[in-house]
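Below: the structure, in structure tokens.
The sequence lines fix the lettering, A, B, ..., with proteins before strands; numbering per chain opens at 1.
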Amino acid sequence: MPIQLFDSLERRLKPLAPSHPDGVFRFYNCGLTVYAPGHIGNFRTFVVNDVLRRLLELEFGKDKVKHVRNLTDVDDRTIGQAKKENRGLAEITQHWTKIFHQDCAALNLLPPHAEPTATGYIREQVNMIECLMEKGNAYRAPDGSVYFKIASFPGYGALSRIQERELQVTNAIADADHKDSVSDFALWKVYKPEEDGAVKWTGPGGTGEGRPGWHIECSAMSKSILGDTIDLHTGGVDLLFPHHENEIAQSQCCNGTTFARHWYHSEHLLVDGKKMSKSLGNYYTLGDLVAKGYSPMAVRLALLMGHPRKQLNFTLDSLHAAESALANLRAHRASLATAGAAHEAFAPVLAMLQDDLNTPGALGALFTIINRKDGEPDAASFDRVMFALGLDLQKPAAPAAAAPGAITALAEKRWAAKQARDFAAADALRKELTAAGWAMLDGKDGYRLEPVMKK
RNA sequence: GGCGCGGUCGCCAAGUGGUUAAGGCCGAGCUCUGCAAAAGCUCUACCGCCGGUUCGACUCCGGCCCGCGCCUCCA
């Protein structure tokens with residue numbers, strides 16, 4: 001069964017298939033701007049794309065998928081952050097790239113086959129801008145910046161179905177005086193010493209120094225690494241407009257052919273019913289959650305508990321639920337013989353994923369099959385499903401927090417009382433521990449202490 | 001104002017024009033266990049409101065209420 005995925009442009013489910021003769025599926029996923037740690041909303045998108053990547057590998061073969069995910073390392077925010085910290089741009093972006101890679105590894109994201117950066121493709125971006133200027137799709141404004149002329153591309157707005165006149169005019173006025181139309185967007189931004197510091201490159205012919213606008217990087221990197229036409233382009237819904245709309249305009253005007261055959265956008269993550277914001281106190285990075293005692297694998301599972309094309313309300317409760325569910329999966333895996341019969345016991349789970357990436361449906365099917373205790377255990381099929389979901393059951397659960405000395409002492413005392421069969425004393429001590437927020441779990445030859453997880 | 005999405009069990013969340021509306025978490029009862037935990041068994045919804053279409057709608061259509069997102073550099 002082919003993978004069916006919703007196409008944001010045509011607004012319907014379409015099967016996914018490679019279009020190039022080499023049979024390699026070309027997949028571009030808009031990545032992170034590296035000026036701060038990624039938040040879990042960013043990671044929702046990347047986890048969803050990772051499941052997609054894994055499904056594509058299962059469908060077409062490991063070497064028949066080319067996955068590109070870029071890093072935006074020059075824009076207003078990265079430059080702003082560097083300036084704020086009085087450090088070099090590269091220093092800032094390399095630091096956050098390193099953190100991003102650590103987070104990705106913790107979440108078990110397969111590394112993309114290429115991870116281009118905007119600064120690594122300046123030449124390609126400049127070439128593309130020159131191409132657009134030559135073709136009459138871009139113009140140099142009086143201030144030296146270069147803008148894309150939206151009026152020159154009749155197809156503009158097809159993806160977002162937004163008309164120029166529908167745009168709320170309030171905040172589009174910023175540098176309108178330089179543009180032919182308020183809706184035109186920057187391809188090349190002229191150098192401004194007071195803002196840009198040392199950040200500048202030689203611009204397209206006939207213009208001065210400066211830096212690329214945001215949108216052109218994806219068009220240029222996609223073209224350079226994957227070719228003029230790619231099979232799938234993805235990102236969060238917020239990129240649909242203007243970013244992806246602008247990419248289509250740039251790429252199709254320059255290349256004269258279809259840019260992406262399929263567009264896919266994952267919805268936003270909400271936290272406690274609202275978009276994350278630091279002022280609401282509902283803004284989480286992976287590090288924040290790990291510090292609270294949750295495991296990255298549980299975060300991954302929690303991010304998969306909602307349909308990717310629906311807003312997902314993330315709460316600490318849901319994360320707690322994921323942690324428990326993960327423990328059940330580990331227990332189930334341990335109960336399976338290593339070499340299971342190959343009868344595809346878990347095939348319905350993959351079928352759910354292949355049907356528009358229905359991750360919650362897949363998880364439902366997974367647990368339904370686990371709960372139904374008839375049928376032969378099938379470790380191979382189970383493992384294939386875990387691979388598709390990217391759930392690494394080998395990764396440790398959240399590390400138990402170390403108990404304070406006073407707690408340890410109480411526990412020792414209780415263990416001794418228990419060994420002496422003084423159950424009254426033992427029970428009293430258990431109560432004390434519970435009151436202090438610690439659960440004492442007795443084993444055959446010893447005990448474990450666990451903090452009682454508070455909601 | 002424009003565009004789009006959603007309101008299903010305490011929480012999270014699938015799903016279908018018509019047998020018992022998945023699943024996870026939490027909770028409750030029972031079994032087991034000195035106690036607790038783990039494990040096992042069992043239990044918990046008529047699908048925002050009002051109309052319409054239909055033999056039949058939670059599922060289709062219309063209206064309303066509520067929530068959320070995007071509208072030039074936010075995944």
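In this structure, CD of A/Glu267 is placed 12 Å from P of B/A14, rounded to the nearest angstrom. For A/Asp238 and B/C71, the CG to P distance is 8 Å, given to the nearest whole Å. Following rounding to the nearest Å, A/Phe314 (CZ) and B/A75 (P) show an atom-to-atom distance of 18 Å. Here B/G24 presents its P atom at 11 Å from CG of A/Leu363, a figure rounded to the nearest Å.
The ring of A/Phe423 lies on top of the base of B/G34, close enough and flat enough: under 5.5 Å between centres, under 30° between planes.
Between A/Arg414 and the options A/Asp422, A/Asp442, A/Asp427, a salt bridge (charged side-chain N to carboxylate O under 4.0 Å, His left out) holds for only A/Asp442.
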With 3.5 Å as the limit, what N/O pairs link the protein to nucleotides 35-38 of chain B?
residue	atom	partner	partner atom	Å
B/C35	O2	A/Arg430	NE	2.9
B/C35	N3	A/Arg430	NH2	3.2
B/C35	N4	A/Lys418	NZ	3.4
B/C35	N4	A/Asp442	OD2	2.9
B/A36	N1	A/Asp442	N	3.2
B/A36	N1	A/Asp442	O	3.2
B/A36	N3	A/Arg430	NH2	3.4

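Using a 4.0 Å heavy-atom cutoff across all strands shown, A/Arg77 reaches sugar-phosphate atoms only and no base atom. Among the atoms of the strands shown, base atoms are found under 4.0 Å from some heavy atom of A/Gly41. Looking at heavy-atom distances under 4.0 Å, A/Gly236 makes contact with sugar-phosphate atoms alone, never a base. Within 4.0 Å of A/Asp184, counting heavy atoms only, lies no atom of the nucleic acid at all. Contact annotation for A/Gly31: backbone-only contact, meaning every heavy-atom pair under 4.0 Å involves sugar-phosphate atoms and none involves a base. Among the atoms of the strands shown, none is found under 4.0 Å from any heavy atom of A/His215. At a threshold of 4.0 angstrom between heavy atoms, the contacts of A/Leu301 with the nucleic acid are absent. Among the atoms of the strands shown, none is found under 4.0 Å from any heavy atom of A/Asn49.
In the set B/A75, B/C12, B/A14, B/C12 carries the atom at the smallest distance from any side-chain atom of A/Asn313. Which of B/A75, B/A14, B/A13 sits closest to the side chain of A/Leu312 comes down to B/A13. In this structure, the nucleotide among B/G15, B/G24, B/G67 sitting nearest to the side chain of A/Ala325 is B/G24. Side-chain atoms of A/Arg161 lie closest to B/C3 of the nucleotides B/G34, B/C3, B/G69. For A/Thr368, the side-chain atoms get nearest to B/G23 when compared with the rest of B/G69, B/G23, B/G24.
A sub-4.0 Å separation between OP1 or OP2 of B/G4 and a side-chain N or O of A/Ser160 is absent. When the side-chain nitrogen and oxygen atoms of A/Asn29 are compared with OP1 and OP2 of B/A75, none of them lie within a distance under 4.0 Å.
A donor-acceptor contact closer than 3.5 angstrom is absent between the side chains of A/Asp288 and A/Tyr283.
The base-pairing partner of B/C41, taking Watson-Crick or G-U wobble contacts with both distances under 3.5 Å, is B/G29.
For A/His268 against B/A75, a side-chain-to-base donor-acceptor contact under 3.5 Å is present.
Side-chain rings of A/His215 and A/Phe185 approach one another, their centers coming within less than 6.0 Å.
Cation-pi geometry between A/Arg11 and A/Phe6 is not met at under 6.0 angstrom from the ring centre and within 45 degrees of the axis.
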Side chains of residues 101-111 of chain A: which donor-acceptor pairs under 3.5 Å do they make with residues two or more places apart or in other chains?
residue	atom	partner	partner atom	Å
A/His101	NE2	A/Glu115	OE1	2.6
A/His101	NE2	A/Glu115	OE2	3.2
A/Asn108	ND2	A/Gly390	O	3.0

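Relative orientation of the A/His265 and A/Trp263 rings is parallel, given thresholds of 30° and 60° on the angle between their planes.
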